[in-house]
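We name chains A, B, ... by the order of the sequence lines, and we start the count at 1 in each one.
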Amino acid sequence: MTDFALLISDWYRLNARELPWRSTKNAYFIWLSEVILQQTRVDQGMKYYLNLIENYPNLKQLADADEESILKLWQGLGYYSRARNLHKTAQQVRDEYQGEFPKTYSEIIQLKGIGPYTAAAISSFAFDLPHAVVDGNVYRILSRYYGIDEPIDSTQGKKTFQALADSLIPSSDPALFNQAIMEFGAMQCIPNNPNCESCVLNQSCFSAFNSELIKKLPIKKGKTKVRKRYFHYLHIENKHEIALDQRTGKDVWEKLYEFPMIESTDESIPLIFADSAQLIYQTKHILSHQHIYAFFYTSDKSEIAGLDFKFVEKSHFEDYPIHRLMEKYLESNSK
DNA sequence: TTCCCGGCGG
DNA sequence: CCGCCGGGAA
């Protein structure tokens with residue numbers, strides 16, 4: 001057994017909360033609790049669990065219930081497909097497994113509403129099978145303890161963490177290890193500001209006391225929610241001068257120079273230069289976190305109400321730092 | 001008030 | 001890879 005497994009199991013023996021579904025080997029109760037605890041915290045799920053087992057003390061009674069009655073007991077918990085799948089699975093176990101919860105991982109994971117996490121949890125907690133659970137807690141602990149920087153929301157990353165967890169889980173009392181690692185994540189190696197001083201893993205943990213690292217792990221690619229923005233640029237120049245403006249504020253291209261610009265919420269030409277400007281170039285400029293729809297207009301006006309800019313000598317234009325979007329426009333314009 | 005989080009199914 | 005949902009953090 002690894003040091004990691006030893007330390008975390010010892011920690012669990014001393015620090016485990018007493019929860020009703022932890023003191024049973026009844027697969028029905030364990031399944032019910034695990035489905036409730038998907039996307040749900042213990043303190044929120046507890047009363048639903050107690051209420052459900054009181055109303056449906058065994059799997060057959062759940063299977064025989066109306067879907068609507070189950071949904072009523074589920075009310076307020078969210079993710080109602082869990083309740084509907086619960087009912088379907090209860091009926092399936094009643095009809096195809098003679099009411100006896102299946103005892104192998106491969107059978108369990110085929111049931112509705114049961115994915116890799118829940119199948120591993122039931123397999124180990126009810127049947128002592130060595131399938132490692134990998135939930136948000138496990139990603140967090142393993143990435144920090146071993147210093148793993150693979151994104152947990154990629155297919156490859158999920159494989160890496162599952163394989164690592166499966167390699168760590170001991171064949172003797174795998175249930176204890178699974179309980180321990182999740183409890184440890186919930187109580188000790190918490191998402192923000194975990195207390196490394198009081199941690200039993202702090203001598204061997206890759207990230208211990210390194211708050212910068214702890215903040216970064218586990219790494220997520222994230223759903224790059226791209227913001228759409230619409231920039232309308234005015235190209236104004238005379239014989240010797242050209243209009244420029246310096247970007248300010250906490251935004252892209254801070255302090256770089258560009259043509260005077262209006263940002264709008266859509267692609268229609270801003271009213272204040274609609275009458276005098278002529279669209280000559282447009283492009284979509286893609287950054288990691290935003291898509292900028294850029295429109296370049298020419299104008300012979302030397303001032304526009306509401307636009308702030310200065311004229312610079314064309315001979316010095318090259319001295320001003322500009323961003324890639326400006327370059328793209330200038331390249332297109334010189335052709 | 002908005003942002004972030006999370007197992008599973010489609 | 002996104003939508004399901006509600007709670008808690010920011």
| request: Assign each of A:Ile152 and A:Lys112 to its nearest nucleotide of DNA chain B by heavy atoms, then name whichever residue's nucleotide is nearer the 5' end. | output: A:Ile152
When the side chains of residues 56-63 of chain A are checked against the rest of the protein, which donor-acceptor pairs come out under 3.5 Å, sequence neighbours left out?
unit_1  : atom_1 : unit_2  : atom_2 : d
A:Asn58 : OD1    : A:Lys60 : N      : 3.2
A:Asn58 : OD1    : A:Gln61 : N      : 2.9
A:Lys60 : NZ     : A:Asp64 : OD2    : 2.7

| query | Can a donor-acceptor pair be found between the side chains of A:Arg140 and A:Asn137 at a distance below 3.5 Å? | reply | yes
| note | Taken to the nearest whole Å, CZ/A:Arg82 to P/B:dG7 is 10 Å
| field | Straight-line distance of A:Lys328 NZ to A:His323 NE2, nearest 0.5 Å | value | 10.5 Å
| note | The reported gap from OH in A:Tyr233 to NE2 in A:His235 (rounded to nearest 0.5 angstrom) is 13.5 Å
| Rounded distance (Å) that lies between atom P of B:dC8 and atom CD of A:Glu34 | 9 Å
| said: Rounded to whole Å, how long is the line connecting atom NZ of A:Lys215 with atom P of B:dC4? | reply: 16 Å
| Nearest-Å distance for atom pair CG/P, residues A:Leu86 and B:dC8 | 13 Å
| message | Under 3.5 Å, is there a donor on one side chain and an acceptor on the other for A:Glu18 and A:Ser23? | response | no
| message | Across nucleotides 4-10 of chain C, 5' to 3', mark each nucleotide with B, S or - according to how protein heavy atoms within less than 4.0 Å reach it. | response | BBSS-SS
| field | Side-chain cluster (under 4.5 Å, hydrophobic types only) that A:Phe206 belongs to, other residues | value | A:Leu213, A:Leu217, A:Ile219
| request: Starting from the C-alpha separation in whole Å, work towards a yes-or-no answer on ring pair (Phe, Tyr, Trp, His ring centres under 6.0 Å) for A:Trp253 and A:His285. | output: CA-CA 13 Å; A:Trp253 303 320; A:His285 191 74; 5.6 Å; yes
| query | Would a 4.5 Å heavy-atom cut-off, applied to side chains only, mark A:Leu73 and A:Tyr48 as touching? | reply | no
| field | Sequence neighbours excluded - side-chain hydrogen bond (donor to acceptor under 3.5 Å, both in side chains) pairs with any residue from residues 168-178 of chain A | value | A:Ser124-A:Asn178
| Are any of A:Lys220's side-chain N or O atoms less than 4.0 Å away from OP1 or OP2 of B:dC5? | yes
| task | List in numerical order all residues of residues 116-144 of chain A for which some heavy atom is under 4.0 Å away from an atom belonging to DNA chain B. | result | A:Pro116, A:Tyr117, A:Thr118, A:Asp135, A:Gly136
| message | Is a donor from one side chain sitting under 3.5 angstrom from an acceptor on the other, for A:Thr104 and A:Glu107? | response | yes
| request: Let me know the distance between NZ of A:Lys158 and P of B:dG7, rounded to the nearest Å. | output: 10 Å
| said: Please determine whether residues A:Leu6 and A:Ile181 belong to a single hydrophobic cluster, defined as Ile, Leu, Val, Met, Phe, Trp and Tyr linked transitively by side-chain heavy-atom distances below 4.5 Å. | reply: no
| note | Per the under-4.0 Å heavy-atom filter, residues of residues 161-168 of chain A near DNA chain B come out as none
| note | When rounded to whole Å, the CG to C1' distance for the pair A:Leu111 and B:dG7 reads 15 Å
